[in-house]
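Contents: one structure, followed by commentary.
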Amino acid sequence: MSETTHTLTIPSSTRYLHDVRRFVAEHALDAGFAQPTVNAIKIAVDEACTNIIKHAYDGDTSQEVEVQITITEGHLQVCLRDEGEPFDPSTYQEPDLTRLTERRRPGGLGVHLMRRCMDEVHYRTDQGFNEVCLTKHRNRDSVV
Amino acid sequence: MSTFSVSFRDANGVRILDLHGELDAHTASDLEESIQQCHAEGNVNLLINGTDLDYISSAGLGVFMAYVEEIRDDGGDIKIAGLQSKVYNVFDLLGFPVLFDICETEEEALARFEEPAPDAGNASS
């Protein structure tokens, strides 16, 4: 089975989110994914990258985020790697959408979007780095 | 870098904010400043026109949530109109049609401001 990978490394600043989205969209389109699916992948990767910048690195823009796309016959996977504070997915609570406006700064929306937009979301931490991998399988309808 | 801008208009006592470009974690603060400015100037009826909004992430959506209760407490509302389908779908994924009045057109949203008791639970899109 053929497999191609593409890697982009950005400084840990929200200034580069647009570049990440463009990078992901270009390769997802080249790989034959339909525009609605590409839109879903873009937003999921944006949310993952934003969480790394804001939470793993706590706004420190001197660090780096590596974005690696792997495309196979069956799926597209985007893995984002950082060396900041790890995220423990077991602490995540699905946001209560009916009570969102009662909190001025509701959290958890990004993770919620990532999970709704992708088929699989996996986290791992190993020897000082964290990785979140987002997978979209071919031939599945997109929600966005 | 993401490009985003807000321009302002007034119609029938409603301050209309036309959003242009991409609203993400980098540009959300621009929208936040715009809403704060409108509110500080005494505008409580705010209409967000998203016709030229090409992208939104949860950071942008969070700005609406951060201010809507305050605006409603002051007797106004934030209504949203003209969203492209790819942007509306993100609002929909997070349950925003339950929380906000989201209209297909600006005219429809303006008419909603004329109704006596705005109810955030009645989305039309």
Side-chain angles (χ1 to χ4, degrees), chain A residues 10-22 24-25 34-55 57 59 61 65 94-118 141-144, chain B residues 1-4 21-32 35-36 39 53-73 76-80 83-102 118-121 123:
Chain A
I10 60 157
S12 53
S13 166
T14 55
R15 174 181 295 271
Y16 300 96
L17 287 172
H18 173 79
D19 299 314
V20 171
R21 292 196 299 270
R22 188 173 55 189
V24 168
Q35 189 65 57
T37 305
V38 173
N39 292 341
I41 295 169
K42 263 170 62 175
I43 192 162
V45 174
D46 177 317
E47 299 291 349
C49 199
T50 297
N51 280 346
I52 290 170
I53 292 165
K54 292 202 165 185
H55 301 299
Y57 287 133
T61 57
V65 183
E94 189 116 329
D96 181 349
L97 299 178
T98 62
R99 302 184 64 186
L100 280 177
T101 58
E102 295 174 12
R103 299 162 58 195
R104 277 184 62 93
R105 298 291 170 192
L109 296 181
V111 175
H112 184 69
L113 271 180
M114 285 161 57
R115 292 184 174 182
R116 293 296 305 273
C117 289
M118 303 300 284
D141 290 339
S142 177
V143 294
V144 174
Chain B
M1 191 166 66
S2 307
T3 56
F4 176 76
E22 298 182 323
L23 188 49
D24 62 13
H26 191 65
T27 58
S29 58
D30 294 341
L31 175 63
E32 186 161 8
I35 291 178
Q36 282 176 337
H39 197 194
L53 182 65
D54 296 318
Y55 177 83
I56 193 164
S57 71
S58 68
L61 295 164
V63 175
F64 297 123
M65 283 190 292
Y67 289 96
V68 70
E69 282 301 291
E70 201 175 306
I71 296 274
R72 285 176 182 163
D73 285 347
D77 195 17
I78 298 176
K79 299 185 190 295
I80 299 164
L83 297 176
Q84 299 178 33
S85 61
K86 64 183 177 184
V87 174
Y88 174 79
N89 288 344
V90 181
F91 278 78
D92 193 32
L93 272 179
L94 288 178
F96 267 58
V98 175
L99 307 170
F100 288 84
D101 211 352
I102 303 178
D119 183 348

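Just so we're on the same page: letters track the sequence lines, and every chain starts at 1. The structure displayed is predicted, hence computed values, not measured ones.
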Spatial distance of atom CZ (A:R116) from atom CG (B:N89) [nearest 0.5 Å]:
11.0 Å
CG of A:L17 to OG of B:S57, rounded to nearest 0.5 Å, is 7.5 Å
Nearest heavy-atom approach of B:E22 to A:R21 is OE1-NH2, 3.0 Å
At what distance, to the nearest 0.5 angstrom, does CG of B:L61 lie from CG of A:L113?
7.0 Å
Heavy-atom pair with the smallest gap, counting every atom of A:K42 and B:Y55:
O-OH, 4.0 Å
Quick one: does B:K86's side chain get under 4.5 Å of A:P36's, heavy atoms only?
no
Side chains of B:L94 and A:L109 in contact at under 4.5 Å (non-hydrogen atoms):
yes
Output for pair (A:D46 CG, B:H26 NE2), nearest 0.5 Å, gives 12.0 Å
Rounded to the nearest 0.5 Å, the CG atom of A:N39 sits from the OG atom of B:S85 at a distance of 8.5 Å
Check whether any side-chain heavy atom of A:H18 lies under 4.5 Å from a side-chain heavy atom of B:T3, and answer yes or no.
no
Is the shortest heavy-atom distance from the side chain of B:L93 to the side chain of A:C117 under 4.5 Å?
yes
